[in-house]
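Here is the structure we will look at.
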Amino acid sequence: MNELLLSRLLCLVPAVLFAGCGLSLFHPAAPRAVRALPRARILGRVLSAACWIWVTAELWFHPIDFLAFLSPTMVLTLGAICIPLSWILLENLLCARAVGGLLMLWPMPVILAVRDQVTAWRLVPVTLGYVCLTFGMFVVFYPWLMRVVCDRLAERPGIRRAAGVALTMAGALCVAAALAFGKVVGE
């Protein structure tokens, strides 16, 4: 797969997610769903498993120097052990923590894919990535913050609509950025 196609795909994935989340906030059932999100057990287990699989894959394909002593078998074993451990030990607000984990994981491949693009539009996914990374760190360490944010979104329709518009616009900006890509530094 060439770099341009990969850059566009990795920029369109968050675009779809941002726009989908933003548009879902306009649905009549949004207040109930948003309020239930941080404590959703099944979704929390699925998302936390996705986080651990992602981390395991990253360590498998891109080993870190200080973890070089881990063999590929050990990496897979530790990843498989961490999934049920997180379900048992982090059960309270697991979905919030898992969302925070995904918010921390997705920016890196996007930033690496768009860093060589010769356009100011590359700053859109990079900026959104760093915002998500920062919010994700807060949510992983303080999962009750996501519960508070979700409660505020559920209680106040104006704030929910504003958040929906902001997320939809972030998705649209990512689409515009993906379409603007084309020339790579050094070509």
Q.
Looking at every non-hydrogen atom in both residues, tell me the closest pair between Gly129 and Pro107 and how far apart they are.
A. O-CG, 3.3 Å

**Q.** Minimum heavy-atom distance between Phe18 and Leu128, given as atom pair plus value
**A.** CE1-CD1, 3.9 Å

Run the side-chain contact (heavy atoms from CB on, under 4.5 Å) test against [X] and tell me which residues pass, sequence neighbours left out.
X	result
Val149	Leu153
Ser24	none
Val16	none
Leu105	Cys51, Trp54, Val55

Q: Keeping to residues at least two apart or across chains, list the salt bridge (charged side-chain N to carboxylate O under 4.0 Å, His left out) pairs with something in residues 75-87.
A: none

Q: Just grab all the side-chain hydrogen bond (donor to acceptor under 3.5 Å, both in side chains) pairs involving residues 63-84, residues at least two apart or on different chains.
A: none

Identify, with sequence neighbours excluded, every residue that meets side-chain hydrogen bond (donor to acceptor under 3.5 Å, both in side chains) alongside [X].
X	value
Arg156	none
Glu155	none
Asp151	none
Trp60	none

[X] with [Y], same ILVMFWY side-chain cluster at under 4.5 Å:
X	Y	result
Val124	Leu6	yes
Leu93	Tyr142	yes
Leu17	Ile53	no
Phe66	Phe69	yes
Leu23	Leu173	no

Q) Taking the side chain as C-beta and beyond, is there a heavy-atom pair between Val140 and Met104 under 4.5 Å? A) yes

(Q) Would you say that Pro143 contacts Arg97 through its side chain, given a criterion of any heavy-atom pair below 4.5 Å between the two side chains? (A) yes

Straight-line distance of [X] [atom1] to [Y] [atom2], nearest 0.5 Å:
X	Y	atom1	atom2	value
Leu103	Met146	CG	CE	8.0 Å
Cys174	Leu179	SG	CG	11.0 Å
Thr119	Phe181	OG1	CZ	7.0 Å
Arg147	Cys95	CZ	SG	13.5 Å
Ile42	Leu47	CD1	CG	12.0 Å
Met74	Ile81	CE	CD1	9.5 Å

Side-chain donor-acceptor pairs under 3.5 Å in residues 83-90, sequence neighbours left out?
| unit_1 | atom_1 | unit_2 | atom_2 | d |
| --- | --- | --- | --- | --- |
| Ser86 | OG | Trp52 | NE1 | 3.4 |
| Ser86 | OG | Cys82 | O | 3.2 |
| Ser86 | OG | Ile83 | O | 2.8 |
| Trp87 | NE1 | Arg45 | O | 3.2 |
| Trp87 | NE1 | Ser48 | OG | 2.9 |

Q: Look at atom OH of Tyr130 and say whether more than 12 heavy atoms of other residues, nucleotides or ligands are closer to it than 6.0 Å.
A: no

Q.
Applying salt bridge (charged side-chain N to carboxylate O under 4.0 Å, His left out), can you list everything that pairs with Arg41, at least two apart in sequence or on another chain?
A. Glu91

Q: Carefully, step by step, assess Leu102 and Trp106 under the rule side-chain contact (heavy atoms from CB on, under 4.5 Å).
A: CA-CA 6 Å; Leu102 289 174; Trp106 79 262; 5.7 Å; no

